[in-house]
Amino acid sequence: MVLKNLSGKLGKDRLAALAVALLLAVLAAAKFDFFYDLNDDVLMKDILSGVYTGTPEGHNIQMHWPASALISLFYRAARGLPWYGLFLCFCHFGCFYLILSRCLGFFKTWYGKLASGAVAGLLFGSIFLEHLVFAQYTVTCTLLGGTAAFLFYTTEIGQSARGFIRKNIPGILLVWAAYLVRSEMLLLVLPMVCVAGAAKWGSEEKIFTRDHCIKYLGVFGLILAGLLLGQAVHEVAYSSQEWRAFTELFDNRTELYDFQAPPSYEEHREFYQQIGLTESEKILLDNYNFGMDEEIDGKVMGEIARYAGSVKSAKTPFFEKLALRFGEYRYRSFHGKGAVGSDYPWNYGVLLGYGAVFFLAIPRKYAKGRVQGAGVAFGLKNALGIGWKLAFLLVVRTLLWLYILMGDRAPERITHSLYLMEFCILAAMALAHWEKICSLWVRRISGGFVLGSFGLLALLALPDSIRTVSQRQEQREQVEECFQELYAYFGREENRGNFYLMDVYSSVAYQQVPRSEKMFAHVDNTLANYDIMGGWASKSPLQEKKLAQFGIDNMEKALREREDVYFVRQKSEDMQWLEEYYAGHGTPVETRLAAQAAGIFEIYEVFPAGRD
């Protein structure tokens with residue numbers, strides 16, 4: 001009776017999609033633990049939850065303010081719950097539910113719905129498995145945007161302008177949410193969303209009519225209005241002098257570290273001397289511990305970033321680099337399993353998507369009783385009709401890929417996001433064109449063939465995905481165990497009054513395994529008595545607030561002069577830089593090993609040289 005009532009309220013397709021999404025969540029949770037993918041995600045969680053400053057913060061720096069402020073409110077209401085992890089998982093499984101429920105509506109038979117649900121579940125559970133288990137907000141942003149593009153393209157075109165816009169309200173909200181979660185990523189993939197919009201508009205029988213202009217420009221206008229409003233609110237929230245100064249530093253730091261690299265001091269000594277940076281201070285840029293030096297501000301970072309960019313450009317001419325990156329792009333697009341640097345199975349999924357869309361678009365509008373030759377004529381017309389859409393998408397995706405590769409920064413969270421958005425659009429195109437095939441037997445055969453092809457790809461990818469994710473989870477658990485032991489040392493009763501400053505590289509990984517954290521284990525959202533000596537939150541108002549709670553207004557001075565402030569590093573990381581830095585400032589120090597933790601960390605006292 002409960003299921004019957006629920007089915008009546010949600011609809012059978014929505015109920016089935018909900019069941020599949022819940023089943024996937026249960027299976028994933030039974031097999032794996034959910035992790036924040038990187039130390040960046042962990043720090044975002046710490047800021048939102050109050051671990052960083054002692055109070056849940058609405059300014060988490062990486063997200064736009066409305067999204068981070070909303071999540072922080074949940075932490076304020078129930079501090080002990082892992083709200084940020086719940087938010088990421090809700091976005092992932094919620095997007096899958098929305099896509100699957102729309103997908104099931106295209107199939108009229110129970111076996112068609114069963115097959116499509118099984119294939120969609122296999123694809124999501126195999127190709128997307130790594131990002132499902134190791135959640136990263138950049139990928140979450142793209143999934144939100146990709147879901148919006150899917151819903152938009154699969155909206156029936158025969159509706160009135162008001163009905164069409166109303167039907168796309170969920171998609172519009174998803175784009176707004178994606179922008180607030182990770183604006184840079186949404187803007188990167190937005191050209192592909194625009195391609196989907198143009199292709200959808202181009203599917204109308206008569207394109208430039210008043211009604212159609214209202215429909216499509218109305219949706220676009222609402223999306224744009226929401227993005228501008230979100231940006232305006234964000235700008236107001238970060239409008240204080242302190243946040244403006246930090247934003248300048250943050251942007252320049254991002255440019256320097258993500259797209260350039262600090263040039264060597266020996267080869268570029270004259271430049272560094274011109275901006276007043278000594279060799280011992282420049283080491284702080286190399287090891288990311290620039291939070292130690294108050295003089296390394298946004299202006300200095302900007303000058304170094306611009307200079308590094310000019311040095312980098314001079315090394316390789318633009319067109320020479322473009323040819324190299326185009327070769328890399330082509331290699332990544334077509335090479336399969338086992339090839340070094342291949343993007344399998346993502347690239348094969350997209351290639352299969354292009355083929356499926358073209359294949360399904362050719363026979364649409366075929367019907368019984370047509371005169372001889374009509375099928376050929378319609379086939380040519382349909383080929384041209386779908387050809388320009390796929391070509392448009394291919395050109396835009398190529399430009400986006402080259403933009404990323406030319407920047408020498410192509411981590412999986414960005415490249416997989418490009419594939420994800422493209423795949424969502426192609427899947428929507430495939431369904432929309434498949435539905436237009438009038439011949440029942442052609443529709444069933446072609447639909448079965450396409451579903452079978454994607455199902456086969458998912459089945460082939462699933463064992464490797466499970467194996468890879470299992471191995472990475474085991475590695476991450478070993479690393480997390482070490483860090484949990486270190487944090488337990490910090491939290492001992494005799495150490496709670498101390499403050500610990502960690503070398504940045506010691507805090508982000510161990511033996512090339514990235515620092516991570518389980519979403520739903522070891523949840524402790526109380527104020528932490530440690531911080532790293534650099535990173536993207538360094539020199540922010542948040543860090544100033546955190547340090548102030550421990551009576552610290554100058555990291556360099558506190559580490560040297562206070563007996564309750566300690567330096568922490570992994571044994572594998574260099575320590576000579578610390579003594580050289582203080583010596584370069586005319587305040588030489590000595591260090592003494594105070595304790596060890598987890599067999600890999602060392603905690604040092606730092607004090608003025610010559611002190612007993």
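Bear in mind the structure is a predicted one, so any value in this text is a computation, not a measurement. Throughout, residue positions are numbered sequentially from 1 according to the sequence presented. No hydrogens, no waters, no symmetry mates; every other heavy atom, side chains included, goes into these values.
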Discussion item. Could you check whether any side-chain heavy atom of Gln543 comes within less than 4.5 Å of a side-chain heavy atom of Tyr52, counting everything from C-beta outward?
Written reply: yes

Worksheet entry | Pairwise side-chain contact, Tyr403 with Leu188, heavy-atom cut-off 4.5 Å (strictly under) | yes

Fill in: Carboxylate-amine/guanidinium proximity below 4.0 Å for Glu480 and Arg515
no

Practice prompt. Could you tell me how the ring of Phe483 sits relative to the ring of Phe601: parallel (under 30°), tilted (30 to 60°) or perpendicular (over 60°)?
Written response: perpendicular

Worksheet item: Would you call the rings of Phe34 and Phe520 parallel, tilted or perpendicular, where under 30° means parallel and over 60° means perpendicular?
Response: perpendicular

Let me have the donor-acceptor pairs involving side chains of residues 259-274, under 3.5 Å, with sequence neighbours excluded, atom names and distances please.
unit_1: Gln260; atom_1: NE2; unit_2: Glu255; atom_2: OE2; d: 2.8
unit_1: Tyr265; atom_1: OH; unit_2: Leu277; atom_2: O; d: 2.9
unit_1: Glu266; atom_1: OE1; unit_2: Arg269; atom_2: NH2; d: 3.0
unit_1: His268; atom_1: ND1; unit_2: Tyr307; atom_2: OH; d: 2.8
unit_1: Tyr272; atom_1: OH; unit_2: Pro263; atom_2: O; d: 2.6

Discussion item. Is it the case that the ring center of Phe128 lies less than 6.0 angstrom away from the ring center of His416?
Written reply: no

Worksheet item: Looking at residues at least two apart in the chain, or sitting in another chain, which of them share a side chain to side chain donor-acceptor pair (under 3.5 Å) with Glu485?
Response: none

Discussion item. Under a 4.0 Å threshold between the charged nitrogen and the carboxylate oxygen, would Glu494 count as salt-bridged to Arg496?
Written reply: no

Worksheet item: Below 4.5 Å, heavy atoms only, C-beta onward: do Val175 and Val193 meet side chain to side chain?
Response: no

Fill in: Cationic N near anionic O, under 4.0 Å, Arg244 to Glu248
no

Item to complete: Might you point out which heavy atoms bring Tyr331 and Gly341 nearest each other, and give the distance in Å?
Response: CE2-C, 4.1 Å

Fill in: Under the side chain to side chain donor-acceptor pair (under 3.5 Å) test, residues paired with Lys518 that sit two or more places apart
Asp33, Glu477

Discussion item. If the condition is ring pair (Phe, Tyr, Trp, His ring centres under 6.0 Å), which residues does His234 pass it with, not counting sequence neighbours?
Written reply: His64, Tyr238

Worksheet item: Under the 3.5 angstrom rule, does the side chain of Arg325 hit a backbone N or O of Leu405 as a donor-acceptor pair?
Response: yes

Practice prompt. Search all heavy atoms of Ser507 against all heavy atoms of Ile532 and return the closest pair with its distance.
Written response: OG-CG2, 3.2 Å

Worksheet entry | Residues forming a side chain to side chain donor-acceptor pair (under 3.5 Å) with Asn498, sequence neighbours excluded | Tyr500

Item to complete: Heavy atoms only: give me the nearest Val606-Leu578 pair and the separation to one decimal.
Response: CG2-CD2, 4.1 Å

Worksheet item: Does NZ or CZ of Arg560 fall inside the cone over Phe607's six-membered ring, less than 6.0 Å from its centre and within 45° of the axis?
Response: no

Worksheet item: Are Asn39 and Ser516 side-chain neighbours, meaning at least one heavy-atom pair lies under 4.5 Å?
Response: no

Item to complete: Kindly state whether the ring of Trp176 and the ring of Tyr179 have centres lying under 6.0 angstrom apart.
Response: no

Fill in: Test ring pair (Phe, Tyr, Trp, His ring centres under 6.0 Å) applied to Tyr137 - qualifying residues, sequence neighbours left out
none

Worksheet item: Is the shortest heavy-atom distance from the side chain of Trp536 to the side chain of Tyr257 under 4.5 Å?
Response: no

Worksheet item: Is a salt bridge present between Lys299 and Asp297, judged by a nitrogen-to-oxygen distance below 4.0 Å?
Response: no

